[in-house]
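Because the structure is a prediction, the values reported are computed rather than measured.
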Amino acid sequence: MLIVIANDLPPAVRGRMKLWFIEPRPNVFVSGIKDSVATTVVDYLYKHCPAESGVLLMRSTPYQPGFEIRTIGPPRKSTITLSGLQLIIETLKTTN
């Protein structure tokens, strides 16, 4: 499975993504494509998306923890690897 979440994709890339993915919300793409096709799609995204696209890729893997997180450009929320597990850092907002 491959999930792609973007802030802003170029129109040509977004149109191409609709060949392989469903788009349940704008710039959120979900697909159950095979690993070989997923590798091709990820390579395509790295080649055709500028850093301003803010792309977050979540891909299933056959090894633990079962997924990998990659980004194109600086993400809104940073990631950290803790004991081999990739996590997205959430900040808590306190109300005073």
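By the 4.5 Å heavy-atom criterion applied to side chains, Glu23 and Lys18 are counted as neighbours. Here the side chains of Leu2 and Met58 are not in contact, with every heavy-atom distance at 4.5 Å or above. Counting heavy atoms from C-beta outward, Val42 and Arg70 have side chains that approach closer than 4.5 Å. Under the 4.5 Å side-chain criterion, counting only non-hydrogen atoms from C-beta, Leu9 is in contact with Cys49. Put simply, the side chain of Leu85 reaches to within 4.5 Å of the side chain of Phe67, judged on heavy atoms. Side-chain contact between Arg59 and Thr39 is present, with at least one heavy-atom pair separated by less than 4.5 Å. Side-chain contact between Ser53 and Ile72 is absent, with no heavy-atom pair separated by less than 4.5 Å. The shortest side-chain heavy-atom distance between Leu56 and Val4 does not fall under the 4.5 Å cut-off.
Note that the CD1 atom of Ile22 and the CZ atom of Phe29 stand 11.0 Å from one another [nearest 0.5 Å]. The CD1 atom of Ile89 sits 5.0 Å away from the CD1 atom of Ile80 when rounded to the nearest 0.5 Å. Asn27 contributes atom CG, which lies 10.5 Å from atom CD1 of Ile5 (distance to the nearest 0.5 angstrom).
Across Leu57 and Tyr46, no two heavy atoms sit closer than the pair CD1-CE1, 3.9 Å. In this structure, Val41 and Met17 approach most closely via the heavy-atom pair CG1-SD, 4.3 Å. Closest approach of Pro74 to Ala51, counting heavy atoms only: CD-O, 4.0 Å.
Put simply, the side chain of Ser60 gets close to the backbone of Met1: a donor and an acceptor are under 3.5 Å apart. A donor-acceptor pair under 3.5 Å is formed between the side chain of Thr61 and the backbone N or O of Tyr63. Looking at Gln86, its side chain does come within 3.5 Å of a backbone N or O of Ile69 through a donor-acceptor pair. With Ser31 contributing its side chain and Trp20 its backbone, the two residues share a donor-acceptor pair below 3.5 Å.
Relative to the six-membered ring of Tyr44, Arg16 meets both conditions, a distance below 6.0 Å and an angle of at most 45° to the axis.
Cluster annotation: Leu45 and Val28 are assigned to distinct hydrophobic clusters (Ile/Leu/Val/Met/Phe/Trp/Tyr, side-chain heavy-atom contacts under 4.5 Å, transitive).
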